[in-house]
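Everything numeric in this text was worked out from a predicted model, so none of it was measured. We're numbering straight along the sequence, starting at 1.
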Amino acid sequence: PLARPAPAAFSGQRGFASDALSSDALHAAMAAKPQWPAWLRREMRSNWAGETGAVAIYRGCQSALSHVACDEDREALAAFAAEHVEHEIAHLEAMEVLVTGARE
């Protein structure tokens with residue numbers, strides 16, 4: 001069993017892109033985690049940091065939309081940022097389930 005409940009991204013509550021992990025894939029990764037070599041633990045920590053940064057970047061884009069003068073451009077950028085931030089949140093949620101310790 002998982003150490004904590006799977007986030008919404010893995011329970012079917014959100015309609016994320018096809019690249020979001022399935023619940024089965026998440027459980028398989030968690031089951032294999034005790035055998036992860038040290039290099040993979042470091043890589044996963046790096047992946048967690050990257051997903052954290054990606055969420056921040058798209059949220060920053062969203063917060064800057066008020067500076068876009070053209071309504072059409074602002075709407076297009078808002079749609080783009082909203083879609084991408086949702087994908088990155090799904091990725092970050094996966095990393096937060098898989099990477100639970102400071103030394104991973």
*Give the minimum heavy-atom separation between Ser63 and Ser66, together with the two atoms involved.*
O-OG, 4.2 Å

_So which atom in Val85 and which in Arg59 form the shortest heavy-atom distance, rounded to 0.1 Å?_
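What the structure gives for the nearest pair is CG2-CG, 3.8 Å.
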
_Criterion side chain to side chain contact (heavy atoms under 4.5 Å, CB included) on Arg41 and Lys33, from CA distance to verdict_ = CA-CA 9 Å; Arg41 291 179 184 277; Lys33 188 174 175 180; 4.1 Å; yes

_Quick check: do Leu26 and Leu98 have side-chain heavy atoms less than 4.5 Å from each other?_
yes

_Quick one, Glu51 and Glu93 - any side-chain contact, counting heavy atoms below 4.5 Å?_
no

_Residues Glu88, Thr52; criterion side chain to side chain contact (heavy atoms under 4.5 Å, CB included); working and verdict_ = CA-CA 8 Å; Glu88 297 306 334; Thr52 299; over 6 Å; no

*Before giving the answer on side chain to side chain contact (heavy atoms under 4.5 Å, CB included), spell out for Trp36 and Met44 the whole-Å C-alpha distance, their side-chain angles and the decisive distance to 0.1 Å.*
CA-CA 10 Å; Trp36 286 0; Met44 295 303 287; 3.7 Å; yes

_Rounded to the nearest 0.5 Å, what separates atom CD in Gln35 from atom CG in Leu40?_
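Answer rounded to 0.5 Å: 11.5 Å.
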
*Can you tell me how far CZ of Phe80 sits from CD of Gln62, rounded to the nearest 0.5 angstrom?*
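Spacing of CD (Gln62) from CZ (Phe80) equals 11.0 Å.
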
*asked:* Go through it in stages, so that I can follow the logic: the residues are Trp48 and Leu92, the test is side chain to side chain contact (heavy atoms under 4.5 Å, CB included), and I'd like the CA-CA distance, side-chain angles, deciding distance and then a yes or no.
replied: CA-CA 6 Å; Trp48 172 85; Leu92 179 57; 3.8 Å; yes

